[in-house]
Every structure is written in structure tokens, then in C-alpha cells.
J.: 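Right, I'll just put the structure down here and ask away after.
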Amino acid sequence: MDEINDIYEKLGGVISKDDFTRKVEEKVEQMSGLCDTRTAAMLVAHDLGVSDTGAEQQIQKISGITPNSGNVKLIAKVMTVYPAKEFNRNDGTVGRVANLIVADETGSIRLTLWDDRADLVKSGEIEIGQTFQIAGYVKEGYSGVEVNVGNNGVFCESDEKIEARIESRQIKDITNGMGDINIRARVLDISDIRTFNKRDGGTGKVANLLIGDETGKIRVTLWDELTDFTQQIEIDDSVEIINAYARENNFNQQVEMQVGNRGTIKKIEEEVEFKESFTPISDIIPGESYSISGQVSGLGEIREFNRDDGTVNMVSNIYVSDDTGRIRIALWGDHALLVDELDIDTNIEIIDAYSKSGFNDEIELSAGNRTRINVR
DNA sequence: CCCCCCCC
């Protein structure tokens, strides 16, 4: 308890030493181990209206934290808790590390807890929604600026009311290599769950969503347990994704969002707006993905064919016209069956079809399994 | 780490 003497001295006798010690012990108990004695003493002093306890430092708002902020003190709410991990140090001891995302009213930041503090994650004592007084040092981590809290830092539950803000990115601003992406968006398409063999011999699961906001749309890849989420949502639901990262896909060079074991996705009540943008048929050039809206102006037959790998598929061709032109659409797989339901002049939207130079060097659209077709 | 861009 000697460590709290200097704090008691600063109180100038507003309380007896015994009462102060008792209050500190109560505070430690209240915090159920989430607070060390010294920090508890500072909180008690603060409760008594004495804030000049020598360790007071201005509370830093998260939006103002930069890689050069050094030691910072903040009060923030836990938004995401990642599992604690153990690792072996060179000296033979076992280190522990855990990450959180915390937020205040100005933004969010990654918090890295070490050793004893990481153990609080492992023991389940840190929950989403709790608010903490935090003191740590800032450094540039592999996915951006983060606050590190080791054994010399402060990590202490606080009853301060924090209006936490997770800043959502807009889809148009997502670029290759970006990390810690938070986004709210509308679900436009949901894939089946596929399984695959991992390099290490295990089995993995993968599923995709297409999501959109006011600024665009992007494909999202969900891995392993997160694929179950595709069973819990429907098209036009809105979702919030926390901590995704963006990577360029290596087969068509599109930037996609990945949600791995560090990310979360959940349904939200707020409805995110999305408006499909349709390209005039005359503006279509080969090698891109397009959405068009028009009327059916030609109908072909369903045809079965064998692919090189021996599998059987089917295709039908239709033509669609708008005010600017007319284009052939190849409907692949199940889409081929649609010709039986269409008439000339039926209004149709072909969404996310791939353009290429086809038969007779004319540009055509391929409606494959990532294409949606609306008939109205 | 996973996958459509295939037909005549």
C-alpha cells in the first residue's frame, strides 16, 4: 500500500488515511481485478475531487492519436475482442497478447494488451460494451496505429459514459491492402458455402456476399465459421462489418473485402441505401462487369453443351435493347431456363454481367453465376 | 486459403 502514499499525500487531509485505504480496497474490489491498487488510488482521489495526483495526463481523443503520440491516456469503449494468443519469448517464458478494438466519440483504434492484461481477455473478463480508462504507448502495428498496454500501463474499468463511434468507410474508398475496415452496407447477393482443402491438409469453408452502399458495391469473402452468417441473412438486409481487410483478388484483379477470424459481421436494423447504376448499352466495352436495364428484343433456344472438362452445361441467348442500343446476352447454367418465361418487350435488368467480344466480334454480355436478373 | 467469364 506504500505505493498509494504519495497519492494520499496530495489529498491534503480531506480524508483519513484509513478511510482512504478502505476506499481504495473497495475500488479494487469493484473493479474485480481489472484495476491495480495505484490506479484505484488515483480514481479514489479523483472521486474526492482531487485530480492533481501527479499521474494525471490529458485524456487523448482517439481521432487525435498518431504514430508519434507516444504515451497516451484514453477512455474508450470495447467494440471487438479478439482471442488471446500465447507465444514463446527468447528467454523461454510464455508471452500472451490480445487485441481489442476500442472506440470513443471520435473514432476507434486497435488496442494490444500484453501478458497480465491479455489474460483478462482469456479469462473472459473483458466484454464488448465495457468502458475502460487506458494508458499505453502508441506504435505503428501491422494494420495501422495501435495502443499497447503492458504491465506498466493502465487498463481499468471506468463508469464514464462513452458515445462510441465506429467510423464506417464508404465502398468507393476501399483500396487494396487496407486493414481494419468497418462498413455498413446492404446485402445484394449471397453465395452458397463452399468447402475446400487447405494447404495444411485441413478443410476450409468459404462464402461470399455482394454488398453495396450509396457509393458502390464490393464482394465480401467470409471464411470458415463466419460462412454460417450467410444462412442468417437475406438479400436487402443491412449488415455491419468490423475489421475486414481489402485484397486484390488474384484471378480478376478486383479488390474484395475479406472477413477472417479477426473480423465480425452482424445484421443491423438501420437500412443502408443502395441504387444499382445501369450502363447505357452503347457504352459497353469488353472486359468489364456491367448492369443494364432494358427490354427483351430477341429470344433464342436453350442449348446443352459439353465443356472441355467433360461436364455438361446449358446456355441460351437473348437480346436486350435500351434507348441507346441492343446487345446479346448469353445466359449460362440455370439462367438459361429464363428464356421460357420471357416475352419480347419484357422489362429486364441484367446485373453484374461480364462483357466480352463474342460471336462475329460483337460485344456480348455473359450472365454467369454472379449475375442477377430481374424481370418486371 | 475459395472461385463464373463457357455455346454457336
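Keep in mind that what you see is a predicted model, and the values were worked out from it rather than measured. Quick note on labels: first sequence line is chain A, next is B, and so on, each numbered from 1.
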J.: Side chain of A:Glu256 only, heavy atoms from C-beta on: which candidate in B:dC6, B:dC7, B:dC2 is closest?
T.: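 The closest nucleotide is B:dC2.
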J.: What nucleotide among B:dC1, B:dC7, B:dC4 has an atom nearest to a side-chain atom of A:Asn369?
T.: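 Looking only at heavy atoms from C-beta outward on A:Asn369, the closest nucleotide is B:dC4.
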J.: To check you understand the geometry: which heavy-atom pair defines the closest contact between A:Ser108 and A:Asn182, and what is its length?
T.: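 Looking at all heavy atoms of both residues, the shortest contact is OG-ND2, 3.9 Å.
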J.: In whole angstrom, give the distance that lies between atom CG of A:Asp334 and atom C1' of B:dC7.
T.: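 So the CG-C1' distance, A:Asp334 to B:dC7, works out to 16 Å.
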J.: Does A:Gln258 or A:Val315 map to a spot on DNA chain B nearer the 5' end, using the closest nucleotide for each?
T.: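 It is A:Gln258, whose closest nucleotide lies nearer the 5' terminus.
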J.: Picking from B:dC1, B:dC2, B:dC7, which would you name as closest to the side chain of A:Thr221?
T.: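 From the listed options, B:dC2 comes nearest.
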J.: Are A:Ile351 and A:Val375 connected in a single hydrophobic cluster, I mean Ile/Leu/Val/Met/Phe/Trp/Tyr linked by side-chain heavy atoms less than 4.5 Å apart?
T.: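 Not linked; separate clusters.
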J.: Can you sort out which residues in residues 358-365 of chain A have a heavy atom within less than 4.0 Å of DNA chain B? Ascending by number, please.
T.: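 Hits under 4.0 Å, by residue number: A:Phe359, A:Glu364.
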J.: Do NZ/NE/NH1/NH2 and the carboxylate oxygens of A:Lys198 and A:Asp224 come within less than 4.0 Å?
T.: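 A salt bridge links A:Lys198 with A:Asp224.
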J.: To the nearest Å, how far apart are A:His335 NE2 and B:dC5 P?
T.: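 Going from NE2 in A:His335 over to P in B:dC5 covers 14 Å.
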J.: Identify, residue by residue, the members of residues 286-310 of chain A with a heavy atom below 4.0 Å from DNA chain B, and return them in order of residue number, or none.
T.: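 Of all residues in residues 286-310 of chain A, the ones placing a heavy atom under 4.0 Å from DNA chain B are A:Arg303, A:Phe305, A:Arg307.
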J.: For A:Asn317 and B:dC6, give me the distance from atom CG to atom C1', rounded to whole Å.
T.: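 From A:Asn317 CG to B:dC6 C1': 12 Å.
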J.: Find the distance A:Arg328:CZ to B:dC6:P and express it as a whole number of Å.
T.: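 To the nearest whole Å, that distance equals 13 Å.
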J.: Rounding to a whole Å, what distance do you find between A:Arg194:CZ and B:dC4:P?
T.: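 For the pair A:Arg194 CZ and B:dC4 P, the rounded distance is 7 Å.
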J.: Under 4.0 Å, heavy atom to any atom of DNA chain B: which of residues 195-203 of chain A qualify?
T.: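 Contacting residues: A:Phe196, A:Lys198, A:Arg199.
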J.: Answer yes when A:Lys267 and A:Glu240 have at least one side-chain N-carboxylate O distance shorter than 4.0 Å, and no when they do not.
T.: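 Salt bridge between A:Lys267 and A:Glu240, a charged N being under 4.0 Å from a carboxylate O: no.
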J.: Tell me, with the steps shown, if A:Lys217 and A:Leu210 meet side-chain contact (heavy atoms from CB on, under 4.5 Å).
T.: CA-CA 7 Å; A:Lys217 55 189 171 185; A:Leu210 184 73; 4.2 Å; yes
J.: Considering only NZ, NE, NH1 and NH2 on the basic side and carboxylate oxygens on the acidic side, decide whether A:Arg186 and A:Asp213 come within less than 4.0 Å.
T.: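 No, this pair does not count.
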J.: Determine yes or no for a side-chain-to-main-chain donor-acceptor pair under 3.5 angstrom, with A:His335 supplying the side chain and A:Asn369 the backbone.
T.: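 Answer holds: no.
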J.: What is the separation between atom CG on A:Leu331 and atom P on B:dC6, rounded to the nearest whole Å?
T.: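 Those two atoms, CG and P, are 16 Å apart.
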J.: Identify whether A:Ile329 and A:Val315 are in the same connected component of the hydrophobic contact network (ILVMFWY, side-chain heavy atoms under 4.5 Å).
T.: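 No, A:Ile329 and A:Val315 fall in different hydrophobic clusters.
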J.: Whether A:Glu362 and A:Arg328 form a salt bridge (side-chain N of Lys/Arg under 4.0 Å from carboxylate O of Asp/Glu) is what I want to check.
T.: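 Salt bridge between A:Arg328 and A:Glu362, a charged N being under 4.0 Å from a carboxylate O: no.
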J.: Is there a donor-acceptor pair under 3.5 Å between the side chain of A:Arg96 and the backbone N or O of A:Glu86?
T.: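 Between the backbone of A:Glu86 and the side chain of A:Arg96 there is no qualifying donor-acceptor contact (under 3.5 Å).
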J.: Is there aromatic stacking of A:Tyr354 on B:dC4 here, judged by a ring-centre distance under 5.5 Å and a plane angle under 30°?
T.: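 Ring-base stacking flag not set for A:Tyr354 and B:dC4.
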J.: To the nearest Å, give me how far apart CD1 (A:Ile329) and C1' (B:dC7) are.
T.: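 In whole Å, B:dC7 C1' lies 15 Å from A:Ile329 CD1.
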J.: How long is the line joining CH2 of A:Trp223 and P of B:dC2, in whole Å?
T.: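 Value for this atom pair: 6 Å.
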J.: Please identify which of these residues, A:Asn148, A:Asp180, A:Thr80, meets the side-chain hydrogen bond (donor to acceptor under 3.5 Å, both in side chains) condition with A:Arg110.
T.: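 Only match with A:Arg110 under side-chain hydrogen bond (donor to acceptor under 3.5 Å, both in side chains): A:Asp180.
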J.: Salt bridge or not for A:Asp352 and A:Arg372, using N-O below 4.0 Å?
T.: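 Salt bridge between A:Asp352 and A:Arg372, a charged N being under 4.0 Å from a carboxylate O: yes.
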